[in-house]
A.B. asks: 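What follows is a structure written as C-alpha cells; I'll ask about it next.
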Amino acid sequence: MDDLQQRHPFLQGLSKHRGAPPTAVVIFGASGDLCARKLIPAIYNLAVDGLLPADFFLVGYGRKPIADEAFRADAAAAIKEFSRRAPDDAVWQRLAPNFSYVSGGYDEKPAFDRLATHLAAIEQKTGRDVQPLFYISTPPNVFAPILLNLGASGLAAKHLGTPHHAKVVIEKPFGKDLDSARALNGTIRSVFAEHQVYRIDHYLGKETVQDLLVQRFANSIFEPLWNRNFIDSVQITVAEEVGVGSRGGYYEQSGCLRDMIQNHTMQLVALTAMEPPGSLDAESIRDEKVKVLKAIQPLTIGPGGEVVRAQYAAGMMAGKNVRGYLEEEGIAAQSGTETYAAMRLSINNWRWQGVPFYLRSGKRMARRVSEIAIKFRRPPGTLFAGEGARFDLAANTLSFQIQPDEGLSLILNTKIPGLETRTQPVKMSFRYATTFGSNTAEAYERLVLDAMIGDGTLFIRGDEAEASWKLCTPILDYWRSVGRQGMDTYAAGSWGPPAADALLAARGHLWRQP
Amino acid sequence: MSAIFESLPGIEVPVGGIAKGLAQMWADTEARGGAAPGSDDARAMQANFVLLLGFGTTPDDARAQFQTVVRFSQRYPSRVVILCPQRDGDGAPEMRAKIYGECFLGKSKADKRCVEFVILSYPHAAREHLENQVSVCLSTDLPLYYWVHRFTSCTRVIGYRYLLARASRVMFDSATAPAEALTFAWPRPEIVRDLANARLLHVRQSLGQFLSRYPAEALVAGLETVTLAHAPAFAAEAQVLLLWLQARITGCGENQARFGLNPMPAGAAGSFGLTFGYAGGKKSFAWRGDLATGHAQFEADFGTGRTTLPASVSLLPADTALSEAMFF
C-alpha cells in the first residue's frame with residue numbers, strides 16, 4: 001500500500017477509507033449500462049455513508065453529447081432505479097452540482113485536451129489539487145485510444161509523484177488472449193506506471209471473497225488442514241441462470257472461458273490456493289496470487305483431456321421452456337462459442353500436488369450460485385466403516401457461498417440421537433444476511449473507494465492477468481482450431497453436460513449441486 | 001430504579017427461568033403468527049452486549065437507550081443484557097428479570113435476525129452476585145461489549161470488575177457521564193471509548209480530509225490560537241473535538257498555539273465554529289458547521305490562495321456511534 005497517502009497527522013486515528021483526497025472521477029462510457037447500474041449508485045452510496053471527500057467531482061465522458069443537467073437527471077434516475085438505498089434528497093443536492101459531462105470521441109486528442117481543461121477548472125474552483133481517477137468502462141476496443149490520449153494530453157501524469165496522482169481503473173476484459181493481454185498491458189505501461197493502474201474484477205469486492213482470506217488466515221483451525229494431506233479436492237462453481245439474452249452478439253466473441261473462467265473463477269482459485277502473504281499489503285497478496293497461478297500445470301486439451309466445453313440446449317428453467325443457445329438471437333447456426341466450461345486443474349507445488357481443483361461456469365444452469373467448496377479427506381475408515389447403511393459418513397466439506405445468500409457452511413458427521421450408534425451428516429451454516437443484514441455495501445462501492453485511496457489489494461495486477469491468460473489461451477487456440485468438434489450440450493436448467501460429470505468421475509468425484 | 005425496570009418493555013419471568021421463558025416467548029409469538037426464529041434457524045449472534053443504566057437514568061431515557069440497542073441489534077445481532085441497579089433500599093430486595101425478543105425481517109427469507117434481551121433489576125449491594133447471573137445470560141466465547149450509561153461515579157462503575165475485566169470495549173458518553181470520566185484512571189484504558197468521540201466521526205473525517213491536503217508544517221507555522229465555538233447543547237462534543245484538534249496539531253509539529261472553547265450564546269445560529277488564528281494575519285482557517293441544516297463551510301488560506309468549500313456536517317446516530325466505538 002505504498003500508494004496510500006502518507007498518514008498526515010490530521011488523518012491519524014481515521015481508517016484509511018475515511019481519508020480519500022479531493023477527487024474527480026472521470027467515467028469513460030458514462031452513458032453505458034455499467035455506469036447507470038453500478039458506478040453511479042456506488043458513488044451515491046459512498047456519499048450516503050459520508051465516505052466521499054467534500055470536494056468530490058464526477059465527470060462523465062462519452063461520444064454522445066449530453067448537457068450537464070441531462071447527465072445529472074440520468075444519474076438521479078439511475079440512483080432511483082438501481083441504488084440499494086432509497087434516494088435521499090439532501091445527499092443528492094450536495095452531490096449533483098459536482099456532476100458534469102464532457103463529450104468527445106475516445107480517439108480525439110482535442111477532446112482529451114478539453115477534458116484536461118475541465119479538470120483544471122475544477123482545481124481552480126476548489127483552489128487545491130484534485131486527484132483524477134479515470135474509470136474506463138467502455139467496450140475493450142477503445143481501451144487503447146483512451147489510454148493513449150490520457151498519456152498524450154498529460155492527464156496520466158497529473159500530480160505524479162504525489163499521493164493524489166492520477167489513477168486509472170480498467171474494467172474487464174483485460175485482453176481476449178495472452179497476446180492481446182500483453183499488448184494491452186504494454187499500452188497501459190506506456191502511459192501509466194503499474195501503481196497507478198487498477199484492473200477491476202468486481203468479484204474481488206464481494207464480502208465473501210474478501211472473507212476467504214480472513215477465514216483462511218485468521219482461523220487457526222483451517223490453515224493446518226489447508227493442504228494435500230487433508231484436502232481431497234476443491235470445486236469452484238460460478239453458475240448463472242440467465243442465458244445470453246440480447247447480448248448474443250457480444251457473447252459470440254467472448255464465451256464462457258473468457259467471460260467467467262479466465263477472470264472471476266481464476267481469481268477464486270488464486271485466493272483459495274495461494275500461500276499466506278507476508279503482510280496484508282497489496283503487493284504481498286498479489287505476489288502470492290501470481291505465484292500460485294504460475295504453479296498451475298498446463299492443461300491437457302482435447303478428447304479425454306482436462307477441459308470440457310458445452311452449449312446449452314433447449315430445456316426448462318423455473319418450470320418454463322427455454323430455447324437453446326443456437327436458437328438465441330444473434331447466434332450463428334454453427335456457433336463454436338461455449339456457454340459452459342469446466343476444467344480440472346493441478347497445482348504443482350508442495351501444498352497442492354495431487355489435489356484436483358475443479359472449475360465450472362455456465363449459463364442457463366439449474367441455479368444462480370457461486371461457491372468454493374473444499375472437500376476434506378475422509379478419516380481413516382476403522383471405527384465407522386462398513387456395516388451397510390449404519391454409518392452415513394460424508395466428507396467434511398467447507399463451502400464458501402459467494403452469491404447469493406453469502407456465507408459459509410461446514411458439513412460435519414454427528415450421531416443421530418438414540419440407543420444405537422447411527423451417524424448422519426449435518427450442515428452448520430453462517431449467513432451474512434442473518435448475522436449482518438443484507439443491506440451491506442456492494443462490491444463496486446468498496447472498489448471505487450479503494451481506488452480513490454490508492455489501495456490496489458482487491459485489483460488485478462498486470463502479471464496476474466497474463467498468468468491467467470497463459471493458462472487459458474491454449475484452450476482457446478485449440479477450440480478455434482477444431483471448430484464445433486467436441487462441443488457437448490446440456491439441457492438448459494441442468495447442472496452441465498455429461499462430459500463434465502465424466503471429468504470428475506475419472507477421479508472418483510461428483511459435482512456438487514449447491 | 002425499579003421505575004426503570006418497570007418502564008422497559010418485556011415479559012417478567014423468574015430469574016431462574018430466563019432460558020425457559022425465552023423459549024416460551026418465541027413459541028407464543030410464533031403461535032400468534034409473529035416473526036420468530038424457526039426451529040431450523042441459526043440464531044445469529046456476533047457479540048454479548050451489556051448496557052448498565054446508571055443511577056442518573058430516568059424512565060424516558062431508559063426507554064430511549066433501549067431503542068438505541070434495538071436499532072443496533074438490527075445491524076449487529078447480539079445477546080443483550082440490560083442491568084438496572086437499584087439504590088439500596090429502593091424497591092424489591094430480590095433480583096428480578098424480564099425478557100424481550102424481536103425479529104427483524106430483511107429483503108429475503110434468509111435475512112431474518114432475531115435477538116433476545118434480558119433485563120435484570122437488582123439492589124446495588126447485590127452486584128457481587130451479578131456476575132454469575134449475567135454469565136448465564138451471555139454466550140460464552142463471543143466478545144463482550146459493555147456500555148455504561150449515565151453513571152454517577154467512576155468508582156462505582158469499576159465495582160463491576162467482572163464486566164470490566166472481560167469486556168472487549170467499555171463505552172461511556174462524556175455528554176452524560178461525570179466530568180471525571182475523561183481523566184479517570186480506568187483499568188485497561190485502551191478499551192475505553194467515549195461515545196461523544198464516536199458521534200463526531202464525520203466531523204473529524206471532514207476536518208481531517210480537508211486539512212490533510214495541506215503540509216503539516218504549513219498548518220502550524222505561526223499558529224497562535226485554535227478556538228472552537230459551540231452551541232450549548234454540544235459542549236461535550238466540543239470538548240472532545242478540541243482534545244482531538246490539540247492532538248492532531250501537536251502531531252503537525254512544534255507550535256505555541258493556545259486552545260480554547262467558546263460557548264455560543266443560546267439561540268445563536270450554527271452548532272460549531274472553528275478558527276485558527278495566525279500571526280501576521282496572512283493565513284487563516286475557519287470551519288462552521290450547523291447540525292440542524294447539515295451544512296458546513298470551510299474557508300482557508302494557508303498561503304496558497306483562498307479556498308471556500310461547502311461540505312456536510314452530521315453526528316453519527318446513537319446506534320451507529322455504538323458500533324463505531326465497539327468495532328473501529
Side-chain angles (χ1 to χ4, degrees), chain A residues 5-15 17-23 47-56 84 88 90-91 93-95 97-98 123-131 162-164 401 404-407 409 427-440 453, chain B residues 37 40-46 74-77 104 106-114 197 201-202 204-216 219-220 244-245 247-253 293-298 300-301 304-314 316 328:
Chain A
Q5 292 183 68
Q6 300 298 309
R7 295 308 279 181
H8 189 287
F10 265 93
L11 291 177
Q12 285 168 14
L14 290 170
S15 87
H17 288 101
R18 294 193 178 274
T23 301
V48 172
D49 288 329
L51 292 165
L52 296 181
D55 25 19
F56 173 86
R84 68 186 167 91
D88 176 327
V91 174
Q93 291 308 324
R94 276 201 310 276
L95 266 184
N98 288 349
E123 290 197 327
Q124 181 83 23
K125 193 170 87 176
T126 62
R128 307 194 297 165
D129 287 355
V130 174
Q131 163 181 264
T162 72
H164 50 278
Q401 192 151 333
D405 298 335
E406 294 86 341
S409 61
K427 193 180 206 177
M428 288 202 318
S429 295
F430 155 72
R431 289 282 169 267
Y432 265 82
T434 316
T435 309
F436 296 100
S438 57
N439 199 14
T440 50
I453 62 170
Chain B
D40 57 350
D41 280 358
R43 302 270 175 101
M45 202 189 309
Q46 305 166 20
Q74 289 182 11
R75 182 75 174 82
Y76 303 99
F104 313 110
K107 288 179 181 171
S108 66
K109 183 175 175 289
D111 187 1
K112 179 170 74 173
R113 283 150 286 144
C114 298
N197 187 54
L201 174 68
H202 287 162
R204 289 184 280 120
Q205 177 190 342
S206 188
L207 287 166
Q209 281 182 314
F210 186 89
L211 291 169
S212 66
R213 304 319 303 163
Y214 298 96
L219 298 179
V220 291
W244 178 80
L245 285 162
R248 301 281 75 81
I249 286 172
T250 302
C252 287
T293 62
H295 295 310
Q297 175 101 345
F298 289 98
D301 186 347
T304 54
R306 188 170 183 78
T307 295
T308 301
L309 181 69
S312 61
V313 63
S314 62
L316 288 187
F328 302 106

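Below, all heavy atoms of this structure are taken into account, side chains as well, without hydrogens, waters or symmetry copies. Every chain is numbered from 1 and lettered A, B, ... according to where its sequence line falls, protein lines coming before strand lines. No experiment lies behind these values; they were computed from the predicted model shown.
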A.B. asks: Return the orientation label for the B:Phe298 and B:Phe210 ring planes: parallel under 30°, perpendicular over 60°, tilted otherwise.
C.D. replies: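 Because their plane-to-plane angle is under 30°, the rings of B:Phe298 and B:Phe210 count as parallel.
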
A.B. asks: If you tally heavy-atom pairs under 4.5 Å against chain A, which of B:Ala216, B:Gly305, B:Ala311 wins?
C.D. replies: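 The candidate making the most pairs under 4.5 Å is B:Ala216.
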
A.B. asks: Among all residues two or more places apart in sequence or in another chain, which pass the salt bridge (Lys or Arg N to Asp or Glu O under 4.0 Å) test with A:Asp49?
C.D. replies: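 Here the qualifying residues are A:Arg84, A:Arg85.
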
A.B. asks: Relative to chain A, which of B:Gly208, B:Gly251, B:Gly253 shows the most heavy atom pairs under 4.5 Å?
C.D. replies: B:Gly208

A.B. asks: With a 4.5 angstrom heavy-atom cut-off, is it the side chain or the backbone of B:Ser206 that approaches chain A, or both, or neither?
C.D. replies: neither

A.B. asks: Identify which part of B:Phe104 has an atom lying under 4.5 Å from any heavy atom of chain A, answering side chain, backbone, both or neither.
C.D. replies: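 Neither; nothing under 4.5 Å.
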
A.B. asks: Quick one: what part of B:Leu309 sits under 4.5 Å from any heavy atom of chain A, side chain, backbone, both or neither?
C.D. replies: side chain

A.B. asks: Quick one: do A:Asp129 and B:Arg213 satisfy side chain to side chain contact (heavy atoms under 4.5 Å, CB included)? Show the steps, please.
C.D. replies: CA-CA 8 Å; A:Asp129 287 355; B:Arg213 304 319 303 163; 5.8 Å; no

A.B. asks: Could you tell me the separation between the OG atom of B:Ser212 and the CD atom of A:Gln12, rounded to the nearest 0.5 Å?
C.D. replies: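 It comes to 11.0 Å.
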
A.B. asks: Give, as side chain, backbone, both or neither, the part of A:Arg18 having an atom under 4.5 angstrom from any heavy atom of chain B.
C.D. replies: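 Both backbone and side chain.
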
A.B. asks: Just so I know, are the side chains of B:Thr307 and A:Asp55 near enough to count as touching, which here means a heavy-atom distance under 4.5 Å?
C.D. replies: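 Of all side-chain heavy-atom pairs linking A:Asp55 with B:Thr307, none is under 4.5 Å.
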
A.B. asks: Atom CZ in B:Arg204, atom CG in B:Leu245: separation rounded to 0.5 Å?
C.D. replies: 10.5 Å

A.B. asks: Measure A:Ser15 against the heavy atoms of chain B and call it side chain, backbone, both or neither at under 4.5 Å.
C.D. replies: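 Neither part.
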
A.B. asks: Please rank B:Ser314, B:Cys252, B:Ala300 by heavy-atom pairs under 4.5 Å with chain A and give me the top one.
C.D. replies: B:Cys252

